[in-house]
Amino acid sequence: MQVAVVTFDGFNELDSFIASALINRCREDGLEAFITTPTPVVTSMSGVEVTGQRPMEFVTEAEVVLIGSGVRTRDVVADDHLVSRLRLDPSRQLIGAQCSGALVLARLGLLEGMPACTDRKSRPFVEARGVTVLDVPFHAEGNIATAGGCLASQYLATWVITRTLGEGAARDVLDYVAPVGENRETIDRALRAVHADAAALR
């Protein structure tokens, strides 16, 4: 199973790297994430240059697509050509968005009839597209999920792992990366955030 972590120019490192790093701890179980970019190299909001692992067209074959956030997301949604390259299908793919990535899902018409999560700065722009924004870090309905706040990327990754490999795999990953002495707290918090979606699978 392949995960496309869509990463645009001006991206937030925490959003793309935390999700991909957690998911890639499941490589031996057949789940692998790739930084997916519209150009060969993208530069983060802090000036870090990253070479993409997959081109944007990879989103059509990936089983999971996560849309990262960044300081130029409003430019992304205003770019018809770039948006046209995001050919997503929620009937066969898990699709998630981090912070301002919710703007992209809204632009694609994937948030119609459902609320979403985003960060505080992006909230008014998401709401301007007719989407109700929740005051929680994570929300999922069916195959679509959104997360709000940089560190909520761990919840998006937990959702992906739980949906593809099961809660046990998610617990193992979270247990490994948790701050020392905070393992149970970290695991419980992440699973609680995605509980409504995970519970539907049990």
Side-chain angles (χ1 to χ4, degrees), residues 4-23 33 35-38 42-48 50 64-79 82-83 86 88 90 94-160 162 174 177-179 182 185-186 188-198:
V5 180
V6 179
T7 303
F8 300 106
D9 211 37
F11 72 95
N12 184 317
E13 301 97 321
L14 293 174
D15 295 348
S16 290
F17 294 158
I18 290 176
S20 61
L22 293 180
I23 291 168
I35 299 297
T36 303
T37 57
V42 292
T43 303
S44 77
M45 59 191 295
S46 301
V48 178
V50 173
V64 182
V65 179
L66 301 181
I67 309 293
S69 73
V71 294
R72 298 180 184 170
T73 307
R74 280 183 286 162
D75 295 332
V76 170
V77 298
D79 187 330
L82 183 52
V83 171
L86 291 166
L88 308 184
L94 295 180
I95 301 170
Q98 178 68 42
C99 292
S100 64
L103 281 172
V104 179
L105 296 193
R107 173 71 167 77
L108 293 170
L110 295 176
L111 295 180
E112 294 181 5
M114 69 174 286
C117 302
T118 191
D119 62 281
R120 288 180 293 177
K121 288 187 177 181
S122 299
R123 180 170 187 154
F125 303 105
V126 175
E127 290 178 331
R129 289 186 171 270
V131 178
T132 299
V133 175
L134 303 173
D135 289 317
V136 295
F138 178 85
H139 177 71
E141 291 186 17
N143 287 345
I144 298 177
T146 53
C150 298
L151 295 182
S153 52
Q154 64 182 296
Y155 303 150
L156 202 56
T158 298
W159 176 72
V160 170
T162 300
L174 292 165
V177 302
E182 297 181 4
E185 176 185 341
T186 300
D188 289 348
R189 182 173 58 248
L191 291 177
R192 187 165 57 245
V194 303
H195 179 264
D197 186 73

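- Taking all atoms of both residues into account, the shortest heavy-atom contact from Trp159 to Leu94 is CH2-CB, 3.9 Å.
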Exercise for the section: Might you work through the side chain to side chain contact (heavy atoms under 4.5 Å, CB included) test for Leu66 and Gln98, ending with a clear yes or no? Expected result: CA-CA 7 Å; Leu66 301 181; Gln98 178 68 42; over 6 Å; no

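- Counting only residues at least two apart or on different chains, the salt bridge (Lys or Arg N to Asp or Glu O under 4.0 Å) pairs with a member in residues 113-128 are Arg123-Glu127, Arg123-Asp135.
- In this structure, the side chain of Gln154 engages the main chain of Leu151 through a donor-acceptor pair within 3.5 Å.
- Within the 4.5 Å cutoff, no side-chain heavy atoms of Thr37 are placed close to those of Val6.
- Here the CG-CE distance, from Leu134 to Met114, works out to 8.5 Å after rounding to the nearest 0.5 Å.
- Residue Cys99 comes nearest to Cys150 through the heavy atom pair SG-N, 3.9 Å, listed as atom of the first residue, atom of the second, then distance.
- Looking only at distances, no side-chain donor or acceptor of Thr132 sits under 3.5 Å from a matching main-chain atom of Pro115.
- Between the OG1 atom of Thr158 and the CZ atom of Arg192 there is a distance of 12.0 Å, given to the nearest 0.5 Å.
- Between Gly148 and Ala152, the shortest heavy-atom contact is O-CB, 3.2 Å.
- A side-chain contact (heavy atoms from CB on, under 4.5 Å) with Ile95 holds for exactly one of Leu105, Val64, Leu108; it is Leu105.
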Sequence neighbours left out, cut at 3.5 Å: what donor-acceptor pairs do the side chains of residues 15-22 make with other protein atoms?
unit_1, atom_1, unit_2, atom_2, d
Asp15, OD2, Ser69, OG, 2.1
Ser16, OG, Thr7, OG1, 3.0
Ser20, OG, Ser16, O, 2.9
Ser20, OG, Phe17, O, 3.2

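- Of the possible donor and acceptor atoms, none in the side chain of Ser122 sits under 3.5 Å from a partner among the backbone N and O of Thr118.
- Once rounded to the nearest 0.5 Å, the distance linking CG of Asp79 with CZ of Arg74 reads 15.0 Å.
- Here the side chains of Pro179 and Thr186 are in contact, with some heavy-atom distance below 4.5 Å.
- Residues Val104 and Thr73 share a closest heavy-atom pair of CG2-CG2, 3.9 Å.
- Proximity of a side-chain donor or acceptor of Ser100 to a complementary backbone N or O of Gly70 within less than 3.5 Å is detected.
- Note: Asp75 CG to Leu82 CG = 10.0 Å, rounded to the nearest 0.5 Å.
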Problem - side chain to side chain contact (heavy atoms under 4.5 Å, CB included) evaluation trace for Phe138 with Leu156 - result: CA-CA 7 Å; Phe138 178 85; Leu156 202 56; 3.9 Å; yes

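- In this structure, OH in Tyr155 is found 15.0 Å from NE2 in His195, a value given to the nearest 0.5 Å.
- Inter-residue side-chain proximity for Val133 and Cys117 is flagged as unmet; no heavy-atom pair is nearer than 4.5 Å.
- Contact annotation: the side chain of Arg72 never approaches that of Phe11 to less than 4.5 Å [non-hydrogen atoms, C-beta and beyond].
- In terms of heavy atoms, Ala102 sits closest to Leu111 at O-CD1, 3.5 Å.
- Phe125 pairs by the ring-ring contact (aromatic ring centres under 6.0 Å, His included) definition with nothing, not counting sequence neighbours.
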Exercise for the section: Begin with the C-alpha distance, continue with both residues' side-chain angles, and end with the deciding distance and a verdict on side chain to side chain contact (heavy atoms under 4.5 Å, CB included) for Val48 and Glu13. Expected result: CA-CA 8 Å; Val48 178; Glu13 301 97 321; 3.7 Å; yes

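- Arg107 places a side-chain N or O within 3.5 Å of a backbone atom of Val77 that can act as its donor or acceptor partner.
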